[in-house]
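Reckoned from all heavy atoms, side chains included, excluding hydrogens, waters and symmetry mates. Because the structure is predicted, anything quoted here is derived from the model rather than measured. All chains are named by letter (A, B, ...) in the order of the sequence lines, taking the proteins before the strands, and each is independently numbered beginning at 1.
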There are 2 protein chains.
Amino acid sequence: MKLVLPPGMSPQRFDAAVKALQAAVGAGWVMTSDEDRDAYADIYAPGPETLWSASGAVAPSTVEEVQAVVRIANEHKLPLWTVARGKNLGYGTAAPRMPGCMVLDLGRMNRILEVDPELGYCVIEPGVGFIDLYEHIQREKLPLMMSVPGNGWGSVLGNALDHGIGYTPYGVHASNLCGMEVVLANGDVVRTGLGAMENNKAAHLFPFSYGPSWDQMFTQSNLGVVTKAGMWLMPEPETSVELNLEIPQAEDIAWVIDTLTPLRLNRIIDQSIFIPSWLGKMTILGQRKDFWDKPGAIPDWRVQELLKEHKLSYWNMQLRLYGEESVTKAKAAVVKAAFAPHLKTPIGERWWRKGDPTNVMDLTLGVPSAVPLQMGDWVGGRSAHMGFSPVVPATGKHVLDQMRRSRKIINDHDVDFYASFTIGGRFCNNVNMLMYDRDNDKQVETIKTLFNALIADAAAHGYAEYRTHLGWMDAISNTFGFNNHAMRRMTEQVKNTLDPNGILSPGKNGIWPSAYADQRGKALA
Amino acid sequence: MKLVLPPGMSPQRFDAAVKALQAAVGAGWVMTSDEDRDAYADIYAPGPETLWSASGAVAPSTVEEVQAVVRIANEHKLPLWTVARGKNLGYGTAAPRMPGCMVLDLGRMNRILEVDPELGYCVIEPGVGFIDLYEHIQREKLPLMMSVPGNGWGSVLGNALDHGIGYTPYGVHASNLCGMEVVLANGDVVRTGLGAMENNKAAHLFPFSYGPSWDQMFTQSNLGVVTKAGMWLMPEPETSVELNLEIPQAEDIAWVIDTLTPLRLNRIIDQSIFIPSWLGKMTILGQRKDFWDKPGAIPDWRVQELLKEHKLSYWNMQLRLYGEESVTKAKAAVVKAAFAPHLKTPIGERWWRKGDPTNVMDLTLGVPSAVPLQMGDWVGGRSAHMGFSPVVPATGKHVLDQMRRSRKIINDHDVDFYASFTIGGRFCNNVNMLMYDRDNDKQVETIKTLFNALIADAAAHGYAEYRTHLGWMDAISNTFGFNNHAMRRMTEQVKNTLDPNGILSPGKNGIWPSAYADQRGKALA
């Protein structure tokens with residue numbers, strides 16, 4: 001991609017900034033060629049990727065280099081866009097919200113600083129990927145089990161900081177963050193929580209500060225650059241059992257949720273419970289054209305045929321229990337008894353014991369994988385996906401209500417309906433994967449119209465998204481309108497005092513610094 | 001107490017502020033007589049209570065009145081000190097850190113706005129006490145179980161906001177907060193989390209915002225006035241079993257912790273595990289003079305005699321498991337097996353089933369009580385206590401290390417050693433209750449010297465306090481020195497932008513606004 005400069009920045013000032021960055025991190029780690037910009041583009045962009053074009057990227061390798069970079073950025077008023085490993089697929093990958101930002105790529109900061117198997121935590125840098133940490137734990141034979149999302153080569157911290165989810169008892173990843181090191185926009189280094197005391201022994205164990213606590217302020221955030229953080233890890237259980245449940249029809253989701261949530265709140269089931277619809281399995285079996293070769297959404301009669309042909313149920317659920325064998329057995333019996341009145345098919349049981357092998361499909365045993373990304377190929381062409389991801393109370397009524405409404409809107413736009421629900425406690429993350437061929441202009445336009453319709457409909461019914469693509473960050477932010485957007489106004493007040501030049505990730509999740517206030521709502525897809 | 005004005009405030013300006021407050025909330029709810037000030041004094045003050053004297057108190061009853069109060073405070077530059085019910089016993093009760101502050105008493109805001117038994121949460125105002133909420137739940141026969149601290153008439157929100165602890169699986173109270181309404185210093189009302197969307201259905205279910213999350217910033221905080229919040233409540237379990245463990249000697253704490261923490265991390269035990277020493281029991285049996293009538297700490301030989309005489313072990317621990325009977329039984333067997341190699345005495349078992357009666361001693365069944373406050377009478381006279389409360393990693397090594405050092409220092413100061421440890425996950429809250437007669441100047445002086453010695457010693461070994469009395473808020477804050485107090489500097493930068501006149505609780509947990517920067521470190525005990 002050709003160079004796009006940040007708003008209001010002259011080529012001369014940009015060149016001066018690049019030179020200063022080169023001096024700080026080494027010329028090879030400031031990347032500003034057309035090919036470099038391509039490498040940081042959103043490979044799933046719903047529209048021309050130039051809408052979210054970086055001016056380049058800078059990749060520091062130490063906290064001191066990050067400090068130098070933000071100081072230079074302040075001096076030259078160069079806006080940065082922070083990414084960990086830049087694998088935020090479906091939400092923008094490594095690309096910035098505001099065109100012309102320089103990507104602050106923390107991929108080189110990939111040190112695993114500490115892994116404590118006794119108290120179950122690690123301290124890592126943002127460049128550490130799920131696969132890196134997994135391999136370290138395997139190599140050192142540490143009795144710990146990770147929680148991983150669908151994309152194993154993403155960043156452990158980056159995913160947690162963006163409120164990513166996994167499918168073990170540690171599946172609400174942001175809740176595992178404990179004790180951060182953060183470079184502020186002025187170049188100052190802050191350690192949060194008890195780590196604000198030098199050499200504090202509980203810095204990554206106790207989840208609060210003395211005084212106001214800040215860890216969660218640095219999630220989905222442009223208020224600082226997290227350069228390392230503590231993350232809690234689950235001790236490896238003695239045993240685990242997977243219970244396979246076949247749920248025949250879409251609308252069964254209501255009683256499924258009403259059966260599961262009490263089990264979750266009563267701690268019979270500890271995991272974040274992933275309930276994907278049949279289409280997830282189909283994307284692994286082949287491409288859309290293998291099953292339905294007409295345009296428009298697959299009609300329901302064909303869905304029913306496909307379920308029969310491939311012996312699939314609408315929802316296929318792998319519940320997993322973890323722990324001492326006797327306790328796990330008792331829990332499995334309670335789960336089975338709860339489902340017995342509803343199910344005609346028997347519940348499959350697959351035991352795992354410490355030391356047993358795992359495979360790449362064992363996401364619920366913390367094995368990183370990229371198999372779920374296969375859905376990227378569903379529609380064919382240069383295919384891509386976006387996630388429409390509202391948060392819904394974990395009751396059958398709310399889940400069914402949200403599913404019916406979004407299914408209708410998605411079907412009305414002639415797009416395949418592929419939903420999943422993940423119960424993370426009292427709430428469900430509902431992710432609707434919208435798949436499209438990037439080179440099919442009509443499909444791209446449809447996805448954009450559809451996305452706007454989904455946001456508006458959800459907001460009208462009291463549901464909000466937990467995360468979104470760059471193109472809709474402002475649109476989602478606008479739905480949080482209580483008291484004339486009081487929370488956003490407060491966040492932006494904090495933003496402006498901590499980052500007066502607005503150099504850190506302007507526009508992230510709808511938070512705009514004064515310096516770029518005129519960019520709000522611009523460059524929408 | 002006589003009127004003490006805020007620093008730099010003239011009597012005329014104070015009178016004008018009082019008049020404006022009277023007009024806003026009604027004359028009867030602005031309290032400025034000597035007797036009123038007495039009512040808001042620290043009844044346990046280690047030193048003259050005038051050190052922490054309020055100028056009066058104002059008690060609004062609605063969020064609109066809170067907004068009016070902070071607007072008036074800004075106009076007249078009247079500093080406020082926010083309390084919920086003002087029962088922060090041992091940490092300052094209702095008294096302000098800076099003399100002359102007007103107490104902003106939220107006790108009248110005592111509405112229970114919502115209790116949802118299906119998803120296990122409530123939405124309440126700060127004036128709701130543990131007993132209030134308990135009685136509501138009993139009266140409405142809601143299948144919910146609370147988590148309560150030692151003082152049942154304190155505020156549910158106030159306790160959680162100050163990082164208070166209880167002894168059920170919901171014992172880390174601040175972690176149960178979800179979705180707040182906050183009045184900022186400028187009078188603006190913010191709703192945090194998904195509640196920033198009007199009528200959002202998951203406002204008290206999903207623990208994050210879209211963008212930076214703020215709930216934990218408003219804990220131990222002077223950055224806003226929390227006027228209502230969601231709190232998660234545990235569904236009432238089908239059964240519960242209490243396991244009684246007698247741990248003979250003080251130093252056994254090391255293997256006790258090393259046995260318990262893996263059970264906690266493996267979710268065999270879900271509760272916050274309270275491990276109090278023998279002295280807790282003794283304070284209920286009588287006063288110090290009934291058992292030892294000489295000055296100075298009770299010597300170890302007499303401690304051993306008392307343990308024998310009263311058939312007490314050094315640590316008496318009630319573990320509690322909650323849940324389905326079959327699962328609870330399996331868990332109890334695992335716990336017993338883990339302790340079997342260590343214990344000579346059998347483990348007592350006491351079952352409770354839904355519908356069984358509870359009593360005032362059943363803190364671990366969420367029954368609010370004030371029995372633990374009995375320790376206030378231990379030393380006789382106008383007796384009082386302070387808590388020295390470091391956070392320690394939940395390993396035997398760290399806990400033993402901290403106990404040995406603090407016990408020696410406490411004994412060296414001729415004060416009785418009364419420790420408890422509560423395992424809240426990967427950490428222990430170690431609370432050392434220091435009991436004294438407020439009218440015995442020597443005892444008060446000793447407690448002050450002792451407290452300083454304990455703080456310095458803990459910090460030198462890498463342990464920090466999670467909470468402290470008004471008199472030591474700056475001293476503890478000073479121990480968080482990383483990068484020239486970077487976290488405090490950041491917090492104060494946020495403070496100054498959100499509260500430029502410094503009207504909200506100046507000095508709370510060592511956070512001083514510019515307006516009162518010269519007060520830091522003053523008025524120490």
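The ring pair (Phe, Tyr, Trp, His ring centres under 6.0 Å) with B/Tyr210 is formed by just one residue from the set A/Phe480, A/Tyr463, A/Trp472; it is A/Phe480.
Between A/Met197 and B/Phe482 the shortest side-chain heavy-atom distance does not fall below 4.5 Å. Residues B/Thr219 and A/Pro212 fail the side-chain proximity criterion, which asks for heavy atoms closer than 4.5 Å. Under the 4.5 Å side-chain criterion, counting only non-hydrogen atoms from C-beta, A/His163 is in contact with B/Ser213.
The candidate with the highest count of non-hydrogen atom pairs below 4.5 Å against chain A, out of B/Asp162, B/Ile476, B/Asn266, is B/Ile476. Note: B/Leu119 leads B/Ile511, B/Val327, B/Leu265, B/Leu119 in heavy-atom pairs under 4.5 Å with chain A. In terms of heavy-atom pairs under 4.5 angstrom with chain A, the leader among B/Ala202, B/Gly211, B/Ser221 is B/Gly211.
A perpendicular orientation is assigned to the rings of B/Phe206 and A/Phe427, their planes being inclined by more than 60° (bins at 30° and 60°).
Near-neighbour residues of residues 486-496 of chain B relative to chain A, defined by a heavy atom under 4.5 Å from a heavy atom of that chain, comprise B/Ala486, B/Met487, B/Arg489, B/Met490, B/Thr491, B/Gln493, B/Val494.
Neither the backbone nor the side chain of B/Val182 comes within contact range of chain A; no heavy atom of the residue lies under 4.5 Å from a heavy atom of that chain. For a residue to count as touching a neighbouring chain, one of its non-hydrogen atoms must lie under 4.5 Å from one of that chain's; by this rule B/His485 does not touch chain A. If you measure heavy-atom distances from B/Tyr322 to chain A, the contacts under 4.5 Å come from both the backbone and the side chain. With a 4.5 angstrom heavy-atom cutoff, B/Ala459 touches chain A via backbone and side-chain atoms both. Proximity to chain A (any heavy atom under 4.5 Å) is restricted, for B/Asp270, to the side chain, taken from C-beta onward. Residue B/Pro262: no heavy atom, backbone or side chain, is found under 4.5 Å from chain A. If you measure heavy-atom distances from B/Ser477 to chain A, the contacts under 4.5 Å come from both the backbone and the side chain.
Partners of B/Lys336 according to the salt bridge (Lys or Arg N to Asp or Glu O under 4.0 Å) rule, which considers only residues two or more places apart in sequence or in another chain, are B/Glu349.
In terms of heavy atoms, B/Ser175 sits closest to A/Phe208 at OG-CZ, 3.5 Å.
Checked by atom type and distance alone, the side chain of A/Lys201 never pairs as donor or acceptor with a backbone atom of B/Ala464 at under 3.5 Å.
Environment of CG in B/Asn483: crowded, with over 12 heavy atoms of neighbouring residues, nucleotides or ligands closer than 6.0 Å.
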